[in-house]
K.L.:
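Take a look at the following structure, please.
Letters A, B, ... are given to chains in the order of the sequence lines, protein chains preceding strands, and every chain is numbered from 1.
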Protein chains: 2
Amino acid sequence: MVMADDPPRRQPTLEAVAELAGVSRSVASRVLNNAPHVSRVKREAVERAVRELGYVPNPTARALATRQTGAAALVVSGEDPSIFADPFFAQVIVGASAALEEADLHLMLCLAATDRGRRRVEELLRGKGADGVMLMALRENDPLARTADEAEMPVVFGGRPVGTAPRWYVDVDNTGGAREATEYLLSRGRTRVAVICGRLDTEVGRARYRGYRDAMLAAGLEPFPPNEGDFTEPSGADVMAALLLQHPDLDAVFAANDNMAAGALRTLREAGRRVPADVAVVGFDDLAAARMADPPLTTVHQPIAALGRETARMLVALVHGETPTPLILPTHLVRRASA
Amino acid sequence: MVMADDPPRRQPTLEAVAELAGVSRSVASRVLNNAPHVSRVKREAVERAVRELGYVPNPTARALATRQTGAAALVVSGEDPSIFADPFFAQVIVGASAALEEADLHLMLCLAATDRGRRRVEELLRGKGADGVMLMALRENDPLARTADEAEMPVVFGGRPVGTAPRWYVDVDNTGGAREATEYLLSRGRTRVAVICGRLDTEVGRARYRGYRDAMLAAGLEPFPPNEGDFTEPSGADVMAALLLQHPDLDAVFAANDNMAAGALRTLREAGRRVPADVAVVGFDDLAAARMADPPLTTVHQPIAALGRETARMLVALVHGETPTPLILPTHLVRRASA
DNA sequence: AAAGGGGGTGGGAGCGCTCCCATTGGAAGC
DNA sequence: GCTTCCAATGGGAGCGCTCCCACCCCCTTT
């Protein structure tokens, strides 16, 4: 009596499909990749065998042979692991996910927050663990920038890193948006327009301050010095309080993001200033929270999902051997009650 | 004159490392996986060669040989691609990402919204494109459930699917939370406690209604029938309006999530009912928005990041060949002004 | 002194796929 | 009728790694 071996129950291989269809592995492979040079008869035989065996190609083996993993990584630098919970990144992920799906690439999410995370990203970059990488939220002198530079792999930056412009990036027109916001305040007759900056070790923070400053100078006004917050609500409240002390007569404030604008609103409310009657406030980002603020926040809208989508598309283009050009997405002012 | 060939500039292989170190591939491999049976001398020689060549193992080749991809997938079912922007999922991702990093697994994000997405997930599941899969937000009769069942791959459900309990899952105590919320309303002397249900084709929606109903019955009160919303703010407003028409005398309402509770608050405000004086409101989720609501929302807190983290940990355990047990995470009521 | 362990080592066979290339045979061209 | 050409085909060599296994050598046991 023959005992059945403990059956390893392995997935059928291409070899098995070929055998069942009575053809060679080569032919079966061609059918699967629908390459030419296969007769109608054999093609159908292979298709039948695939169905019968429930065959699904092994992506790992394919990856090894083609030297393509079929995946792209979204790498987020920064120290806070909960950055993925940030509504901004969540939107980026939505856009990137959609664009990668179109190109049949998988999305890997990597956080370079811990040492371990950074090591893993480095291995990914240097060991060809993905077909390409999107890099976001790099900080000043981020070591990731160099690793990425040395990696022989397509890399697209979402948002420019501080200082240098990489070869390929997608960014939002931060300077233009900040300028528009400031110009709007000026056009409403405000003349003492203060600013609450974001972190100046980020390009976003710098670019938005530049936009503010440009608009002020163009109007012949003295820009406020860069009062730095860190993009959080409390920091906005703090900077606002300091501003009120130093410049009790200010009649408007441009905050470099909505969180800080919300903090500013809180401080103004507590100080008994009416918004917008006494002080007009404009933010940046146009997150959902801006609409809910009291009063609803006038803010610069930026296309966040589009940022993710276009970053991914640029990466796909690179993976396909094309040569895209850097992209800067437009922003626009959304007028609500706060200004 | 010898022309240099166009140099393919390929990554050094283990073979190259071995050659440079003057050992065999086997020994080099052992060093890399720090396996025993390697003399000190050769170990150091290999390490030196690795450094000199800047060698990084090719994860794809390793994956093929070991039959392990080193990645886990978080699959989200549902029709709306922007689900990743949902603050709930964003938190889940944070937790899952952290837990997978501990186990040195990469996180792949898959959305089974479109046909293409579903096909890709199916290939992932059946073609062993990952070492394991976390499945979330399955809907009633979701075909993914069967595919997952047939896949010979560890699968952990985040939140139970409708009806059946899978072999491995991590869930939140929805019923207990809803019961506690309702009991709290009753303990404050409310007796006409209405309910705004979530979608009843989801287990979350059903479980939370069960909790409400149980508490009402236990108090000897007649539970309201399941008035179904779809977890969105507008639906909460609509259901609330209908409830006010049918039961003008209600003095409390339990909404199955914060979004719908916010809608209810809006309707109540427009109807001139004071909260909580006339009508007390309790929500579920404890998202950031609950704190910002007017009045701040009393709600059932659920540990969302922990849900993601524990789901991932359970998956890791399965991948390592262990046999974990399903897990239900506790919820607790957060008392604010609305009730 | 012969037999019996192991540690250390390298050869080689996969893992499951792609793709180059040699081979075949029939249609088209002279 | 005989080259010429090309679609169709299958064999085989990788892709870069892991891991089984046979082998050697030296140090203990009986």
Side-chain angles (χ1 to χ4, degrees), chain A residues 8-47 49-50 53-71 123-124 126-131 152, chain B residues 8-47 49-50 53-71 123-124 126-131 152:
Chain A
R9 252 332 244 102
R10 271 223 280 261
Q11 300 287 336
T13 68
L14 187 57
E15 190 80 47
V17 171
E19 192 177 349
L20 180 60
V23 302
S24 71
R25 241 187 10 259
S26 305
V27 170
S29 173
R30 276 184 216 116
V31 172
L32 259 74
N33 299 298
N34 55 79
H37 303 306
V38 179
S39 66
R40 176 191 201 73
V41 183
K42 302 219 162 179
R43 160 158 278 128
E44 282 166 1
V46 170
E47 283 164 352
V50 164
L53 265 51
Y55 170 78
V56 177
N58 179 319
T60 305
R62 181 173 284 182
L64 184 59
T66 60
R67 309 157 156 292
Q68 305 218 69
T69 62
E123 279 174 10
L124 188 79
R126 314 209 321 133
K128 296 241 191 296
D131 293 345
E152 313 205 2
Chain B
R9 253 330 243 100
R10 270 221 283 258
Q11 300 288 337
T13 68
L14 187 57
E15 189 81 48
V17 171
E19 192 176 351
L20 180 59
V23 302
S24 70
R25 242 190 5 264
S26 305
V27 171
S29 174
R30 277 186 216 114
V31 173
L32 260 74
N33 299 299
N34 54 83
H37 304 306
V38 179
S39 65
R40 178 188 198 74
V41 182
K42 303 221 162 175
R43 160 158 278 128
E44 282 166 1
V46 170
E47 282 163 353
V50 164
L53 265 52
Y55 170 77
V56 177
N58 180 321
T60 305
R62 181 173 284 183
L64 183 59
T66 60
R67 306 157 160 291
Q68 304 218 66
T69 62
E123 280 174 10
L124 189 79
R126 313 209 322 132
K128 296 242 191 294
D131 293 344
E152 313 205 6

K.L.:
Going by the side-chain hydrogen bond (donor to acceptor under 3.5 Å, both in side chains) test, which pairs reach into residues 57-71 of chain B, not counting sequence neighbours?
P.N.:
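Listed by first then second residue: Thr69(B)-Asp131(B).
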K.L.:
Of the non-hydrogen atoms in Arg25(A) and Leu14(A), which two are nearest, and what is the gap between them?
P.N.:
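Result for this residue pair: O-CD2, 4.0 Å.
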K.L.:
For a quick test of reading the model, state the closest non-hydrogen atom pair linking Val56(A) to Glu123(B) and the distance between them.
P.N.:
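Looking at all heavy atoms of both residues, the shortest contact is CG1-O, 4.0 Å.
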K.L.:
Which sits closer to the 5' end of DNA chain C, Thr66(A) or Ser39(B), going by the nucleotide each is nearest to?
P.N.:
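Closest to the 5' end, via its nearest nucleotide, is Ser39(B).
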K.L.:
Please confirm whether the backbone N or O of Glu152(B) pairs with a side-chain atom of Lys128(B), one donor and one acceptor, at under 3.5 Å?
P.N.:
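Side chain of Lys128(B) to backbone of Glu152(B): a pair is present.
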K.L.:
Name all pairs fulfilling the salt bridge (charged side-chain N to carboxylate O under 4.0 Å, His left out) condition that reach into residues 28-39 of chain B, sequence neighbours left out, sorted by first residue then second.
P.N.:
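Every pair satisfying salt bridge (charged side-chain N to carboxylate O under 4.0 Å, His left out) with a residue in residues 28-39 of chain B: there are none.
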K.L.:
Over all heavy atoms of both residues, which pair between Gly129(A) and Pro59(B) is shortest? Give the atoms and the distance, please.
P.N.:
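That closest heavy-atom pairing would be CA-CG, 3.8 Å.
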K.L.:
So if I take the C1' atoms of five pairs at each end of the helix from dA1(C)-dT30(D) to dC30(C)-dG1(D) and get each local axis, what angle do the two axes make, rounded to 10 degrees?
P.N.:
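About 40° separates the two local helix axes.
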K.L.:
Measuring from Ser24(B):OG to Glu15(B):CD, what's the distance to the nearest 0.5 Å?
P.N.:
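Ser24(B) atom OG to Glu15(B) atom CD measures 9.5 Å (nearest 0.5 Å).
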K.L.:
NA contact type, Pro36(A), heavy-atom cut-off 4.0 Å: base, sugar-phosphate, or nothing?
P.N.:
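No contact.
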K.L.:
Just how far, in rounded Å, is P of dT9(D) from NE2 of His37(A)?
P.N.:
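Roughly 11 Å, once rounded to whole Å.
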K.L.:
Does any non-hydrogen side-chain atom of Asn34(B) lie less than 4.5 Å from one of Arg43(B)?
P.N.:
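Heavy-atom side-chain distance check passes, below 4.5 Å.
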K.L.:
If you take all heavy atoms of Tyr55(B) and Leu32(B), which pair is closest and at what distance?
P.N.:
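Taking Tyr55(B) first and Leu32(B) second, the nearest heavy atoms are CE2-CD2, 3.2 Å.
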K.L.:
What is the first contacted nucleotide of DNA chain C and what is the last, in 5' to 3' order, if contact means an atom lying under 4.0 angstrom from a heavy atom of chain A?
P.N.:
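Taking any atom under 4.0 Å from a heavy atom of chain A, the span is dC15(C) to dC19(C).
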K.L.:
Take atom CD in Glu19(A); do more than 12 heavy atoms of anything else shown fall under 6.0 Å from it?
P.N.:
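Not more than 12 within 6.0 Å, no.
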K.L.:
Tell me which residues in residues 25-35 of chain A put a heavy atom below 4.0 Å from DNA chain D, sorted by number, or none.
P.N.:
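Correct list: Arg25(A), Ser26(A), Val27(A), Arg30(A).
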K.L.:
Anything under 3.5 Å between a protein N or O and an N or O of nucleotides 22-27 of chain D, put it in a table, one pair a line.
P.N.:
none

